[in-house]
Amino acid sequence: MGVKLIIDTDPGVDDALAIALAALNPDVDLLGVTTVFGNVPVATTTRNARGLLQLCGRPDVPVAQGAERPLVRANPDFARRIHGEDGLSGQAVSLPAPVRAADETDAVSLLLSLLEAADEPVTLAPIGPMTNIALLLAAHPGIRSKIGRIVAMGGALGFGNITPVAEFNIWADPEAAHRVLVEESVPLVLVPLDLTHQCAVDAAWLERLGESGVVGAALKSMTGDYLDYYRQALGFEGIVIHDAVAIAEAIKPGILATESYPVEVDIGLGPARGATLADRRTPRRESSARVVAIALDTDFDGLRSFMLDGITGGSR
């Protein structure tokens, strides 16, 4: 097997495509999936994750439910207006019934046990709010040595998507994001909106996905509400699959080109709460902020092909 991977997620349409990309890839050893509140409440994200793994023929992958709220301040919003009431554009009911129950332990306990059992470093891919990862690292600091790197979808260096300056995953729990991005030492790649928006896929990509087979057709059917939103946001028939871009990097290190900058997260209570602040000035100023690798470029056509082939089997 290739990369050992654990996904922490809040499915979510783009999360669904990200899970499929990892679950169907023969070069990925998908050790587990943990869930968190985010696009929809955590009970719904857990149900969606289990159903998606069943759809992909991966009931062997354990799923554990995690945080239902942020570390400090209650989350005033979910993203139902974008992902639909069930997180999957009303299509969660069409997922096959999972044969495996959710793990009896919580997300942090499952993360800990999977990492302790691993015989080589594991990649963690938080593609929702970072609450579970922050809790893991705070409660079990000795587990850092078992984490090869963290590949996180989140942040915006320019315009946000939930406030003018904040991206949803970071805004949903800024204190957790600050813990993971700023206070920790585990190697980390941050995949922000600045890149994911440039990786948008069009109607032809979605058509190929839908025509690829049972899994692809099911995944395409989940994009209805999401497509309605992005049709207006993008100005063309297409969607942004943020989380799948991050999972592509988790699977194939270097598929995204990174630049390293000192990073802070605004955890204040003002209008900039949840903003990701990267100091991109040159020459670089003296700073005590942690330097983080931020994905800012890629071979866009190559990335889109990698994601589509990974989901549809075109690369096998």
Worked check of side-chain contact (heavy atoms from CB on, under 4.5 Å) between Ile19 and Arg58: CA-CA 10 Å; Ile19 288 170; Arg58 295 299 307 275; over 6 Å; no
For residues 203-221, dump all side-chain donor-acceptor pairs below 3.5 Å to protein atoms at least two apart in sequence or in another chain.
{"from": "Trp205", "atom 1": "NE1", "to": "Arg304", "atom 2": "O", "distance (Å)": "3.0"}
{"from": "Ser212", "atom 1": "OG", "to": "Leu209", "atom 2": "O", "distance (Å)": "2.6"}
{"from": "Ser221", "atom 1": "OG", "to": "Ala218", "atom 2": "O", "distance (Å)": "2.6"}

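- Counting only distance, with no hydrogens or angles, the side chain of Arg144 and the backbone of Pro141 share a donor-acceptor pair below 3.5 Å.
- Of the possible polar contacts, none joining the Asn132 side chain to the Ala107 backbone as a donor-acceptor pair under 3.5 Å is found.
- In this structure, Ile247 CD1 and Ile7 CD1 are separated by 4.0 Å, a value rounded to the nearest 0.5 Å.
- Proximity of Ile170 to Val265: side-chain heavy atoms (C-beta onward) are separated by under 4.5 Å at one or more points.
- Taking every heavy atom of both residues into account, Pro11 and Asn48 meet most closely at O-ND2, 2.9 Å.
- Applying the ring-ring contact (aromatic ring centres under 6.0 Å, His included) test to His197 and every residue at least two apart in sequence or in another chain returns His242.
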Working for salt bridge (Lys or Arg N to Asp or Glu O under 4.0 Å), residues Arg73 and Glu175: CA-CA 9 Å; Arg73 293 179 60 84; Glu175 284 78 13; over 6 Å; no
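- Under the 3.5 Å distance criterion, the side-chain polar atoms of Lys146 are matched with a main-chain donor or acceptor of Glu116.
- With contacts defined as side-chain heavy-atom distances shorter than 4.5 Å, the pair Asp86/Val40 does not qualify.
- Rounded to the nearest 0.5 angstrom, Asp173 CG and Leu135 CG are separated by 8.5 Å.
- Within 6.0 Å of CZ on Phe300 lie more than 12 heavy atoms contributed by other residues, nucleotides or ligands.
- Nearest heavy-atom pair, Leu157 versus Leu296, reported as atom, atom and distance to 0.1 Å: CD1-CD2, 4.0 Å.
- Summarising the geometry of Leu88 relative to Ala16, their closest heavy-atom pair is CD2-CB, 4.0 Å, with the distance given to 0.1 Å.
- Here the side chain of Arg290 pairs a donor or acceptor atom with the backbone of Leu181 at under 3.5 angstrom.
- Looking at heavy atoms from C-beta onward, Ser113 lies out of side-chain contact with Thr105 at the 4.5 angstrom threshold.
- For the atom pair Leu190 CG and Thr276 OG1, the distance stands at 6.5 Å (nearest 0.5 Å).
- Shortest non-hydrogen contact noted between Gly160 and Leu193 is C-CD1, 4.0 Å.
- Note on Ile150 and Leu110: same hydrophobic cluster, where clusters join Ile, Leu, Val, Met, Phe, Trp and Tyr whose side-chain heavy atoms are under 4.5 Å apart, directly or indirectly.
- In this structure a side-chain-to-backbone donor-acceptor pair under 3.5 Å is missing from Thr9 to Ile127.
- Looking at Arg100 and Pro62, their side chains come closer than 4.5 Å, going by heavy atoms from C-beta outward.
- Cluster annotation: Val189 and Val182 are assigned to distinct hydrophobic clusters (Ile/Leu/Val/Met/Phe/Trp/Tyr, side-chain heavy-atom contacts under 4.5 Å, transitive).
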Verdict with reasoning, Leu308 to Val201, per side-chain contact (heavy atoms from CB on, under 4.5 Å): CA-CA 10 Å; Leu308 184 63; Val201 299; over 6 Å; no
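- The shortest distance between side-chain heavy atoms of Thr35 and Gln65 falls below 4.5 Å.
- Here the closest non-hydrogen pair linking Asp10 and Gly38 is OD2-CA, 3.3 Å.
- Under the 4.5 Å side-chain criterion, counting only non-hydrogen atoms from C-beta, Asp301 is in contact with Asp299.
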Pair Arg69-Thr131, side-chain contact (heavy atoms from CB on, under 4.5 Å): steps then yes or no: CA-CA 8 Å; Arg69 53 155 292 162; Thr131 315; over 6 Å; no
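- Considering OG1 of Thr258 and CG of Leu188, their distance stands at 11.0 Å, rounded to 0.5 Å.
- Looking at Phe306 and Ile251, their side chains come closer than 4.5 Å, going by heavy atoms from C-beta outward.
- Proximity of a side-chain donor or acceptor of Asp243 to a complementary backbone N or O of Ala18 within less than 3.5 Å is not detected.
- Shortest non-hydrogen contact noted between Met130 and Ala152 is CE-CB, 3.6 Å.
- Residues Leu71 and Leu111 are members of one and the same hydrophobic cluster, defined by side-chain heavy-atom contacts under 4.5 angstrom among Ile, Leu, Val, Met, Phe, Trp and Tyr.
- Among residues two or more places apart in sequence or in another chain, the ring-ring contact (aromatic ring centres under 6.0 Å, His included) test is passed with Tyr226 by His83, Tyr230.
- The OG1 atom of Thr45 sits 10.5 Å away from atom CG of Leu52, with the distance rounded to the nearest 0.5 Å.
- Cluster annotation: Ile267 and Leu277 are assigned to distinct hydrophobic clusters (Ile/Leu/Val/Met/Phe/Trp/Tyr, side-chain heavy-atom contacts under 4.5 Å, transitive).
- Partner Ser89 forms a side-chain contact (heavy atoms from CB on, under 4.5 Å) with one of Asp228, Val13, Thr223 and no other, that one being Val13.
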Full working for side-chain contact (heavy atoms from CB on, under 4.5 Å) between His140 and Val108: CA-CA 9 Å; His140 305 283; Val108 171; 4.1 Å; yes
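- Side-chain atoms of Arg231 never come within 3.5 Å of backbone atoms of Phe236 as a donor-acceptor pair (strictly under, hydrogens ignored).
- Linking ILVMFWY residues whenever their side-chain heavy atoms come closer than 4.5 Å, directly or via other members, leaves Leu31 and Val28 in distinct clusters.
- Within the 4.5 Å cutoff, no side-chain heavy atoms of Lys4 are placed close to those of Leu114.
- Counted within 6.0 Å of CD on Gln198, heavy atoms from surrounding residues, nucleotides or ligands total more than 12; the atom is thus considered enclosed.
- Of the inter-residue distances, the one linking Met153 atom CE with Leu195 atom CG reads 9.0 Å to the nearest 0.5 angstrom.
- With hydrogens and angles ignored, the 3.5 Å screen pairs no side-chain donor or acceptor of Glu167 with any backbone N or O of Ala275.
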